[in-house]
Novice: 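Starting off with a structure, shown below.
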Amino acid sequence: MLDHRTRRELHDVILPDLHAAILDLSGPRPDREEVIASLSALHDRISRLIHVHPAVYFGANGGWDFVAEIRRMVDSEFAHEFTSVRWVGDAARSTPGLTPLEGLVAEVGFYAVREAVRNAAVHGRGADSHRPLSLTIAVACGERLRVTVQDDGVGWAADSNTEAKQGGLLLHRTLLAAVGGNLAAESEPGSGTTVTIELPPQTRSEVQADRS
């Protein structure tokens, strides 16, 4: 995971080009030389990104308040995207240090939540840019830290744009699975979209053990 500018390039340029190369390679008569050239160009682009933009580290000074950073992110990046934003459960509490997380899991979880919020902002209104759109973010600090991002938008219709609407979420589902977490998305036309993100319990216990 890299900074925001790097993530945008990965999401908007590199991943679509990689997907196109895979489709070309799996076709009936693939032009292997062209595919190899495309993959080589993507390799060079990723290499430059890694060297130009350093990785962002979370919780380097002993704990990173997950909920506080989510609230800050929503307020700063998406302040004008929703008619209202409602915080529920542990997300509504202002107790400092409520959800300390560190390292890679904090980073992967944070950007998964950000993608769920971004997805709601981009696709929630459908074709009507003036449609009211409300967002509810709930956090439950149980055995597994669970974040639910729910909008009351138009939902996902079974059309050609469905894959584009879910593409970023599928990427983050894979990243979460790699660290022991999970992402599930539910949507029906006219009924909004709900994205549930779970983070592994061992990370939170390890943080508490380190502090003791």
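Computed over heavy atoms, backbone and side chain alike; hydrogens, waters and symmetry mates excluded.
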Novice: Which pair of heavy atoms, one from Leu135 and one from Ala120, lies closest together, and at what distance?
Specialist: CD1-CB, 4.0 Å
Novice: What residue pairs, at least two apart or across chains, pass salt bridge (charged side-chain N to carboxylate O under 4.0 Å, His left out) with a residue in residues 190-200?
Specialist: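 Qualifying pairs, neighbours excluded: Arg144-Glu198, Arg146-Glu198.
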Novice: Kindly compute the distance separating CG (Asp151) from OG1 (Thr193), expressed to the nearest 0.5 Å.
Specialist: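 Taking CG in Asp151 and OG1 in Thr193, the distance rounds to 4.5 Å.
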Novice: Let me confirm one number: the CZ-CZ distance from Phe82 to Arg125, rounded to the nearest 0.5 Å.
Specialist: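 Phe82 atom CZ to Arg125 atom CZ measures 7.5 Å (nearest 0.5 Å).
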Novice: Is there a continuous path of hydrophobic side-chain contacts, each under 4.5 Å between heavy atoms, that joins Ile14 to Ile22?
Specialist: yes
Novice: With a 3.5 Å distance limit and no angle check, can you tell me whether Arg86 reaches the backbone of Thr136 through a side-chain donor-acceptor pair?
Specialist: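 A pair under 3.5 Å: no.
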Novice: Can you name the one residue among Thr148, Val117, Val88 that meets side-chain contact (heavy atoms from CB on, under 4.5 Å) with Ile137?
Specialist: Val117
Novice: Side chain of Ser187, backbone of Gly192: donor and acceptor closer than 3.5 Å?
Specialist: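 It does hold such a pair.
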Novice: How many angstroms lie between atom CG of Leu133 and atom CD of Glu81, to the nearest 0.5 angstrom?
Specialist: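 Interatomic distance, Leu133 CG to Glu81 CD, rounded to 0.5 Å: 9.0 Å.
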Novice: So Leu39 and Val35, side chain to side chain contact (heavy atoms under 4.5 Å, CB included) or not? Walk me through it.
Specialist: CA-CA 6 Å; Leu39 292 176; Val35 172; 4.0 Å; yes
Novice: Arg72: which residues meet the salt bridge (Lys or Arg N to Asp or Glu O under 4.0 Å) condition with it, sequence neighbours left out?
Specialist: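 Salt bridge (Lys or Arg N to Asp or Glu O under 4.0 Å) check on Arg72 returns Glu69.
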Novice: Begin with the C-alpha distance, continue with both residues' side-chain angles, and end with the deciding distance and a verdict on side chain to side chain contact (heavy atoms under 4.5 Å, CB included) for Arg173 and Leu170.
Specialist: CA-CA 5 Å; Arg173 176 186 294 170; Leu170 293 175; 3.6 Å; yes
Novice: Give the minimum heavy-atom separation between Leu199 and Gly109, together with the two atoms involved.
Specialist: CD2-CA, 3.8 Å
Novice: Which pair of heavy atoms, one from Asp90 and one from Cys141, lies closest together, and at what distance?
Specialist: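 Residues Asp90 and Cys141, closest heavy atoms: OD2-N, 2.9 Å.
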Novice: How many angstroms lie between CZ in Arg114 and CE in Met73, if you round to the nearest 0.5 Å?
Specialist: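 Here the rounded value is 7.0 Å.
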Novice: Would you sort out whether Trp87 and Val67 count as a side chain to side chain contact (heavy atoms under 4.5 Å, CB included), showing the intermediate values?
Specialist: CA-CA 10 Å; Trp87 300 89; Val67 169; 5.6 Å; no
Novice: Restricting to side chain to side chain contact (heavy atoms under 4.5 Å, CB included), what partner residues turn up for Ser134, sequence neighbours left out?
Specialist: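 Only Thr83, Ser84, Asp152 meet the side chain to side chain contact (heavy atoms under 4.5 Å, CB included) criterion with Ser134.
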Novice: Pick one: which of Leu176, Leu169, Val108, Val139 meets side-chain contact (heavy atoms from CB on, under 4.5 Å) with Ile197?
Specialist: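 Running side-chain contact (heavy atoms from CB on, under 4.5 Å) over Leu176, Leu169, Val108, Val139 with Ile197 returns exactly one hit, Leu176.
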Novice: Which distance, rounded to the nearest 0.5 Å, do you find between the CG of Leu23 and the CG of Leu18?
Specialist: 10.0 Å
Novice: If you compare all heavy atoms of Phe66 against all heavy atoms of Phe110, which two are closest, and at what distance to 0.1 Å?
Specialist: CE1-N, 3.4 Å
